[in-house]
Protein chains: 2
Amino acid sequence: MECKPLLKEAHKKEMRAIQDSMDVLSGKWKIAIITSICLYNKRRFSDILNDVYGISNKMLSKELKELETNKLIKRTVLDTQPVTVQYELTKHGKSLQTIIKDLTAWGIQHRKEIIGK
Amino acid sequence: MECKPLLKEAHKKEMRAIQDSMDVLSGKWKIAIITSICLYNKRRFSDILNDVYGISNKMLSKELKELETNKLIKRTVLDTQPVTVQYELTKHGKSLQTIIKDLTAWGIQHRKEIIGK
DNA sequence: CCGTATCCCCGGGGATACTG
DNA sequence: CAGTATCCCCGGGGATACGG
């Protein structure tokens with residue numbers, strides 16, 4: 001009667017949690033999009049398009065939809081002329097802020113580590 | 001003379017840092033692989049293959065190579081019979097622990113948010 | 001301005017079999 | 001056990017043009 005099996009169960013749960021997260025957040029663009037919105041609080045389609053280097057409008061549109069489906073962002077159409085659309089983080093989306101902050105710091109450190117030698 | 005331009009510059013740097021991070025960590029499997037190794041400290045090829053649900057040996061091999069190139073993990077061949085190979089996090093890899101912990105917690109919360117409604 | 005539609009190509013990545 | 005090699009297919013995703 002040892003604790004290994006219990007540990008294994010706990011680890012499986014952690015692995016599943018990670019994979020749940022990654023199902024929503026993985027992909028080349030999602031985190032960058034969220035970061036863009038997060039930095040400016042509210043952000044328009046074309047602004048995000050500029051912030052996220054290399055993304056196409058088709059991809060951005062698709063990713064935004066998925067993020068909305070997963071309740072991470074809220075989409076608001078403003079009846080200006082012509083139409084503008086604003087994206088902002090939901091409460092659930094904002095709960096990623098810590099992770100984003102850490103990832104930013106890590107990215108800087110990583111650049112030093114690899115390129116800076 | 002206002003502070004907006006400075007802010008914009010800072011935000012661009014943050015965006016670049018995020019994209020640096022994502023260049024290394026994005027993709028369906030990387031974080032899950034790192035998590036597996038992290039949970040057990042040292043982990044063998046076939047163990048990771050089991051931990052990361054759905055990954056193929058080809059993908060795992062490829063991803064491990066990339067993680068090694070980016071100095072996140074260390075690969076050690078043990079001269080057992082037959083050969084076994086051990087992966088562990090480098091110091092730099094370990095610096096992801098906080099992020100992984102947060103992602104785990106977030107994944108659990110997310111599941112509640114979406115599925116648990 | 002904010003997307004959607006269409007076209008089209010390339011490579012990501014699975015299944016399987018094989019080697020040291 | 002830890003990968004590599006080969007085959008092969010499908011869809012991710014870019015470019016471009018168009019619609020509300």
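Letters A, B, ... are given to chains in the order of the sequence lines, protein chains preceding strands, and every chain is numbered from 1. Quantities reported herein were computed from a predicted structural model and do not represent experimental measurements.
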Starting at atom [atom1] of [X], determine the distance to atom [atom2] of [N], rounded to an integer number of angstrom.
X	N	atom1	atom2	answer
A:Ile48	C:dG3	CD1	P	9 Å
B:Gln86	D:dA2	CD	P	10 Å
B:Met59	D:dA5	CE	C1'	14 Å
A:Leu60	D:dG12	CG	P	17 Å
A:Asn57	D:dG14	CG	P	10 Å
A:Leu78	C:dC1	CG	P	14 Å
A:Phe45	C:dT4	CZ	C1'	10 Å
B:Asp47	D:dC1	CG	C1'	11 Å

Using 4.0 Å as the upper bound for N to carboxylate O, is an ion pair formed by [Y] and [X]?
X	Y	value
A:Lys12	B:Asp51	no
B:Glu66	B:Lys30	yes
B:Glu88	B:Lys74	yes

Phosphate contact ([N] OP1 or OP2) by [X] side-chain N/O below 4.0 Å:
X	N	value
B:Tyr87	D:dC1	no
B:Ser56	C:dG14	yes
B:Arg75	D:dA2	no
B:Ser61	D:dT4	yes

Would you check if A:Asp47 and A:Tyr40 make a side-chain contact, meaning some heavy-atom pair closer than 4.5 Å?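 Of all side-chain heavy-atom pairs linking A:Tyr40 with A:Asp47, none is under 4.5 Å.
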Close side-chain approach of B:Leu7 to B:His11, heavy-atom, < 4.5 Å: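 Contact flag for B:Leu7/B:His11 side chains = yes.
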Which part of the nucleic acid does A:Lys65 contact within heavy-atom distance under 4.0 Å: base, sugar-phosphate only, or nothing?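 Here A:Lys65 touches the backbone only, sparing every base.
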Which residue, A:Lys58 or B:Val83, contacts DNA chain D at a nucleotide closer to its 5' end, judged by nearest heavy atom?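 On the 5' side of the pair lies B:Val83.
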